[in-house]
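Naming: A, B, ... by sequence-line order, numbering from 1 per chain.
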Number of protein chains: 2
Amino acid sequence: MEDQVPLSERYLKTMGRRMTPQRRLVVDILSQAEGHLDATDIYERGRRQDARLSLATVYRTLNILKEAGVVRELHLDDEHHHYELDHQDKHSHLICLSCGRVIEVDSTAFAEAAETIGQLYDFRIASAHVELTGYCADCRRKQEMTD
Amino acid sequence: MEDQVPLSERYLKTMGRRMTPQRRLVVDILSQAEGHLDATDIYERGRRQDARLSLATVYRTLNILKEAGVVRELHLDDEHHHYELDHQDKHSHLICLSCGRVIEVDSTAFAEAAETIGQLYDFRIASAHVELTGYCADCRRKQEMTD
DNA sequence: ATGCAAATGCGAACTATTCTCAAATACATC
DNA sequence: GATGTATTTGAGAATAGTTCGCATTTGCAT
Ligand SMILES: [Mn+2]
Ligand SMILES: [Mn+2]
Ligand SMILES: [Zn+2]
Ligand SMILES: [Zn+2]
C-alpha cells in the first residue's frame, strides 16, 4: 500500500506532465491516509515535510491527479471536496444527510456495472464514484423519538 | 411529468416544513426543465414568475429538497452544483474530464445494487448518485492526433 | 380570526478555489 | 555533465459560489 508514487509518475508522463517533489508528496500523503482528506489536510501534512509547499500547488496537483484518474474527488458534504486514491479496493460511500457520517461499503458490483456501461458508450472511465445519500439507522431512530 | 408539487409537499410536511410559493416555484421549474439546472438558472427562471424571489431562498430551498430526497445535487464540474428532480427514471452521468460533456445513461442496474446495499447497512437511501468520470470518444480521438 | 414558529429578501460576509506573474526547476537534448 | 526551454511553483490578490444576520412577512395549527 506504499509506493503509489512510481505508478502515479507513469500516469503523469502519459499526460505530458512532470513529476515534482510536491506531487510526490501529495501522492505519498494520500497513500498513507486512513480516511478522506481535504485540501487543507493535505497542505498541513505536506508542510511538515516541505515547509515551502503552497496551498495553490496542492489544489493544482489534486486537479491533475484527478484528470489522470489517480485520485477521486469526493463530495461528502457541501463545504469542500475530499480526496482519496482511486486505486485501492473498490468501495463506495453512504453519506448521512443528518449527521454527515460516511460509511464505506464494498462496491464490486457497481464497478462491474460501470465497466459494462463504459464499453457501451465508448467512454474511458477514469473514476467510478457512487454516492448514496440518505439517513443512517441512528439518525432515523432519533428522528422517530421526536415525533 | 407535471405535478411533482403535491408529492414534494408531502415530503416537506414529513420533515415539519412548510410549503410556500417560492418552494412550489422551484419544484415546478425543476420538473419542467430538460437538463440540469444550477442555482442561478433556477433563480433567473423563477424571477420571471415572481420578481421578488431571492437567490438565498433558491439555495435554501434546494438544500431542503435535497435533504427530503426530492432533488439530487450533481457535481458535474467544479464551478457549482447542478440540480435535478430525483423521481424520474433512474439514470446516471458520464462526465468527460476533457470537454465537460455529460452523457446520461440508464442505470437500472445501479439502482438495484443500491437497494441491496441500503438494506444490508440499514441505511435509508434518499438518493443514489453514480458519477463516472473519464474521457469521451471524441476527446480520446483528438488526444491521439496530437501525439 | 389569532399567534407564533418558520420562511423570506436583501445585503453583507465567508471561504473554497483559482488566477497572476516573477522566480525556480524538471528533463529532453546535446 | 552542461544548456535551454517549457513547465511548475509560491505568494498573495481576486473570484465566485454559498451562507448568514436580521427585520419583516407568512404558513398553518389552534
Ligand atoms: Mn473512501
Ligand atoms: Mn441527469
Ligand atoms: Zn446519520
Ligand atoms: Zn470529451
Side-chain angles (χ1 to χ4, degrees), chain A residues 5-6 8-27 36-44 46-68 71 73-83 100 146-147, chain B residues 5-6 8-27 36-44 46-68 70-71 73-83 97 100 146-147:
Chain A
V5 173
S8 309
E9 180 154 5
R10 250 190 293 132
Y11 277 103
L12 289 175
K13 287 280 167 59
T14 305
M15 302 177 71
R17 319 213 75 135
R18 298 173 178 174
M19 177 52 84
T20 67
Q22 292 87 344
R23 291 175 181 173
R24 229 186 300 278
L25 186 51
V26 169
V27 172
H36 315 110
L37 305 183
D38 60 34
T40 305
D41 292 332
I42 296 168
Y43 172 65
E44 285 172 356
R47 300 279 296 210
R48 293 187 206 139
Q49 299 198 225
D50 174 0
R52 296 187 47 245
L53 179 67
S54 89
L55 186 54
T57 297
V58 171
Y59 275 110
R60 282 186 290 234
T61 299
L62 289 170
N63 281 332
I64 289 168
L65 294 176
K66 179 175 60 172
E67 281 166 28
V71 152
E73 183 179 75
L74 309 177
H75 308 272
L76 303 179
D77 59 50
D78 280 342
E79 287 166 32
H80 48 243
H81 294 141
H82 290 78
Y83 300 86
T146 60
D147 280 347
Chain B
V5 173
S8 309
E9 181 155 5
R10 249 191 292 132
Y11 278 103
L12 289 176
K13 287 280 167 61
T14 305
M15 302 176 70
R17 319 214 74 135
R18 298 172 179 174
M19 177 52 84
T20 67
Q22 291 88 344
R23 292 177 181 172
R24 230 186 300 277
L25 186 52
V26 169
V27 172
H36 315 110
L37 305 183
D38 60 34
T40 306
D41 293 333
I42 295 167
Y43 172 64
E44 285 171 356
R47 299 279 297 210
R48 293 187 206 140
Q49 299 199 224
D50 173 0
R52 296 188 47 243
L53 178 67
S54 90
L55 186 54
T57 297
V58 171
Y59 277 110
R60 281 186 289 233
T61 299
L62 289 170
N63 280 332
I64 288 167
L65 293 176
K66 178 175 59 172
E67 280 166 29
V70 173
V71 151
E73 183 179 74
L74 308 177
H75 309 271
L76 303 178
D77 58 50
D78 281 343
E79 288 166 30
H80 48 245
H81 294 141
H82 290 79
Y83 300 87
L97 286 166
T146 60
D147 283 345

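For the pair B:Leu25 CG and C:dA7 P, the computed distance is 17 Å after rounding to whole Å. The distance from atom CG of B:Leu62 to atom P of C:dT8 is 12 Å, rounded to the nearest whole Å. We find that CE of A:Met15 is positioned 10 Å from P of D:dT8, with the value rounded to whole Å. Rounded to whole Å, the distance from CD1 on A:Ile42 to P on C:dA16 is 14 Å. Between the CZ atom of A:Arg52 and the P atom of D:dT9 there is a distance of 11 Å, rounded to whole Å. Between A:Tyr43 atom OH and D:dG12 atom C1' there is a gap of 12 Å when expressed in whole angstrom units. Taking atom CE on A:Met19 and atom C1' on D:dT8, their separation rounds to 13 Å, with Å as the unit. Per the geometry, CG belonging to B:Leu12 stands 12 Å off C1' belonging to D:dG27, to the nearest Å.
Between the B:Asn63 side chain and the B:Arg60 main chain, no donor and acceptor come within less than 3.5 Å of each other. With hydrogens and angles ignored, the 3.5 Å screen pairs no side-chain donor or acceptor of A:Arg17 with any backbone N or O of A:Tyr11. Not a single donor-acceptor pair under 3.5 Å links the side chain of B:Arg23 to the backbone N or O of B:Leu65.
Nearer the 5' end of DNA chain D, as judged by each residue's closest nucleotide, is the contact made by A:Arg23, out of B:Pro21 and A:Arg23.
Closest non-hydrogen pair, A:Leu53 versus A:Tyr43, comes out as O-CE1, 3.3 Å. B:Leu55 and B:Ala39 make their closest contact through CD1-O, 4.2 Å (heavy atoms, listed as atom of the first residue, atom of the second, distance). Considering all non-hydrogen atoms of both residues, A:Gly46 and A:Leu25 come closest at O-CD2, 3.6 Å. For the pair B:Asp41 and B:His36, the tightest heavy-atom approach, listed with the atom from each and the gap, is OD2-O, 4.3 Å.
Taken from CE in A:Met19 to CD in A:Gln22, the straight-line distance is 11.0 Å, to the nearest 0.5 Å.
Note: A:His81 and A:His75 have perpendicular aromatic rings, judged against thresholds of 30 and 60 degrees for the angle between ring planes.
Within the 4.0 Å cut-off from OP1 or OP2 of D:dT8, at least one side-chain nitrogen or oxygen of A:Arg17 is found. Regarding contacts with the backbone of D:dT26, every side-chain N or O of B:Gln22 stays at 4.0 angstrom or more from both OP1 and OP2.
Remark on the helix from C:dA1-D:dT30 to C:dC30-D:dG1: inter-end axis angle 60°, axes from five-pair C1' superpositions, rounded to 10°.
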Quick test: give all pairs of protein nitrogen or oxygen and nucleotides 16-19 of chain D nitrogen or oxygen below 3.5 Å, distance rounded to 0.1 Å.
from	atom 1	to	atom 2	distance (Å)
D:dT18	OP1	B:His81	N	3.4
D:dT18	OP1	B:His81	ND1	3.1
D:dT18	OP2	B:Tyr59	OH	2.6
D:dT19	OP2	B:Asn63	ND2	3.3

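Counting non-hydrogen atoms under 4.0 angstrom, B:Arg18 reaches a base of the nucleic acid.
When distances are taken from the side chain of A:Ser54 to each of D:dG10, D:dT8, D:dA29, the shortest belongs to D:dG10. Distances from the side chain of B:Thr57 to the nucleotides D:dT8, C:dT8, D:dG10 place C:dT8 closest.
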